[in-house]
Amino acid sequence: MKYLLMIYFNQETFDSLSEEERQGVFQGHMDFMNSLNESGELIDNVALADPSHSVTVRVRNSVPAITDGPYVESKEYLAGYYMVDCETKERAAELAAMIPDARFSTLEVRPLMSTDGADVG
């Protein structure tokens with residue numbers, strides 16, 4: 001089963017970490033990716049740019065409206081994800097708990113679906 005492990009990041013919290021702790025987070029991601037590559041569970045991973053570089057697109061009455069920035073003002077934002085292929089939701093949650101950001105951010109584990117709405121296995 002394929003899962004998306006989404007990292008919701010809080011810049012203020014990250015900034016409150018010491019330089020050593022921040023470097024530990026970066027190294028922890030490298031170690032995590034290496035572990036997932038060895039186990040064959042990693043499909044993909046992406047780090048996203050800061051939301052200030054985003055645009056929001058809405059189409060109302062067939063008219064597109066494009067505005068700068070994210071739609072929701074929030075201290076937490078989607079900062080990146082890991083896509084994994086593992087046997088169970090419990091294993092996906094176990095993997096999410098290994099992501100260094102789990103110590104100070106929120107992670108969401110969500111199964112993927114195919115275009116016909118069925119779970120992707």
Side-chain angles (χ1 to χ4, degrees):
M1 182 85 169
K2 293 181 176 84
Y3 293 90
L4 204 58
L5 313 179
M6 296 175 281
I7 302 166
Y8 290 92
F9 190 78
N10 182 315
Q11 189 66 50
E12 288 178 17
T13 302
F14 186 75
D15 289 345
S16 73
L17 300 176
S18 70
E19 181 61 28
E20 183 178 337
E21 289 170 319
R22 280 182 263 172
Q23 291 305 315
V25 169
F26 299 133
Q27 184 60 51
H29 278 282
M30 295 302 298
D31 295 344
F32 183 66
M33 284 186 285
N34 289 337
S35 171
L36 289 178
N37 278 321
E38 288 176 17
S39 71
E41 293 172 302
L42 181 64
I43 296 171
D44 193 17
N45 67 292
V46 172
L48 300 173
D50 186 273
S52 64
H53 302 286
S54 300
V55 295
T56 302
V57 178
R58 295 176 194 81
V59 178
R60 302 294 183 266
N61 299 319
S62 300
V63 178
I66 301 170
T67 57
D68 289 337
Y71 177 66
V72 177
E73 291 293 325
S74 174
K75 289 187 179 202
E76 285 192 342
Y77 58 88
L78 182 62
Y81 67 82
Y82 288 91
M83 186 183 302
V84 298
D85 189 356
C86 53
E87 293 296 319
T88 65
K89 180 172 57 175
E90 291 75 21
R91 173 63 178 158
E94 179 183 326
L95 292 173
M98 293 178 193
I99 296 173
D101 302 65
R103 295 188 320 254
F104 60 87
S105 294
T106 302
L107 277 86
E108 180 181 351
V109 175
R110 189 180 302 179
L112 301 184
M113 292 174 40
S114 67
T115 57
D116 66 1
D119 288 343
V120 173

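Keep in mind the model is a prediction, meaning the values are calculated, not measured.
When hydrophobic clusters are built by joining Ile, Leu, Val, Met, Phe, Trp and Tyr residues whose side-chain heavy atoms come closer than 4.5 Å, directly or via intermediates, Val59 is not grouped with Ile66.
The backbone N or O of Val63 sits nowhere less than 3.5 Å from a side-chain atom of Asn61 that would complete a donor-acceptor pair. A distance-only check finds no donor-acceptor pair linking the side chain of Asp68 to the backbone of Val55 [under 3.5 Å].
In the hydrophobic clustering, Phe26 connects to Phe9, Phe14, Leu17, Val25, Tyr77, Phe104, either directly or through intervening members, whenever side-chain heavy atoms lie under 4.5 Å apart.
The two residues Asn10 and Ser105 have their closest heavy-atom pair at N-OG, 4.0 Å. Taking every heavy atom of both residues into account, Ala102 and Ala97 meet most closely at CB-O, 4.0 Å. Taking every heavy atom of both residues into account, Ala92 and Val109 meet most closely at CB-CG1, 3.6 Å.
Taking 4.5 Å as the limit, every side-chain heavy atom of Lys89 sits out of range of all side-chain heavy atoms of Met1. Using a 4.5 Å heavy-atom cutoff, the side chains of His29 and Asn45 are not in contact. A heavy-atom distance below 4.5 Å is found between the side chains of Leu78 and Tyr8. Looking at Asp15 and Glu12, their side chains never come closer than 4.5 Å, going by heavy atoms from C-beta outward. Residues Phe32 and Leu42 form no side-chain contact, since every pair of their non-hydrogen atoms from C-beta on lies 4.5 Å or further apart.
We find the CG-CG distance between Leu95 and Leu36 to be 5.5 Å, quoted to the nearest 0.5 Å. Ile7 contributes atom CD1, which lies 12.0 Å from atom CD of Glu108 (distance to the nearest 0.5 angstrom). Atoms CE and OG, from Met30 and Ser35 in turn, are 12.5 Å apart once rounded to the nearest 0.5 Å. Once rounded to the nearest 0.5 Å, the distance linking OH of Tyr82 with CG of Asp44 reads 11.0 Å. Here the OG1 atom belonging to Thr88 is positioned 6.0 Å from the OH atom belonging to Tyr3, to the nearest 0.5 angstrom. Atom CE in Met6 sits 11.0 Å away from atom CD1 in Ile99 (nearest 0.5 Å).
Listed by chain and residue number, Arg91 satisfy the salt bridge (charged side-chain N to carboxylate O under 4.0 Å, His left out) test with Glu94 (two or more places apart in sequence, or in another chain). Qualifying salt bridge (charged side-chain N to carboxylate O under 4.0 Å, His left out) partners for Arg22, counting only residues two or more places apart in sequence or in other chains: Glu19. Glu76 is linked by a salt bridge (charged side-chain N to carboxylate O under 4.0 Å, His left out) to nothing, counting only residues two or more places apart in sequence or in another chain. For the side chain to side chain donor-acceptor pair (under 3.5 Å) test, residues two or more places apart in sequence or in another chain that qualify with Ser39 are Glu41. For Glu90, there are no salt bridge (charged side-chain N to carboxylate O under 4.0 Å, His left out) partners at least two apart in sequence or on another chain.
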Given the rule in the side chain to side chain contact (heavy atoms under 4.5 Å, CB included) test, do Thr67 and Arg58 qualify, once you have shown the distances and angles that lead to the verdict? CA-CA 9 Å; Thr67 57; Arg58 295 176 194 81; 3.8 Å; yes
Kindly determine whether His53 and Asp50 satisfy side chain to side chain contact (heavy atoms under 4.5 Å, CB included), including the steps that lead there. CA-CA 6 Å; His53 302 286; Asp50 186 273; 3.9 Å; yes
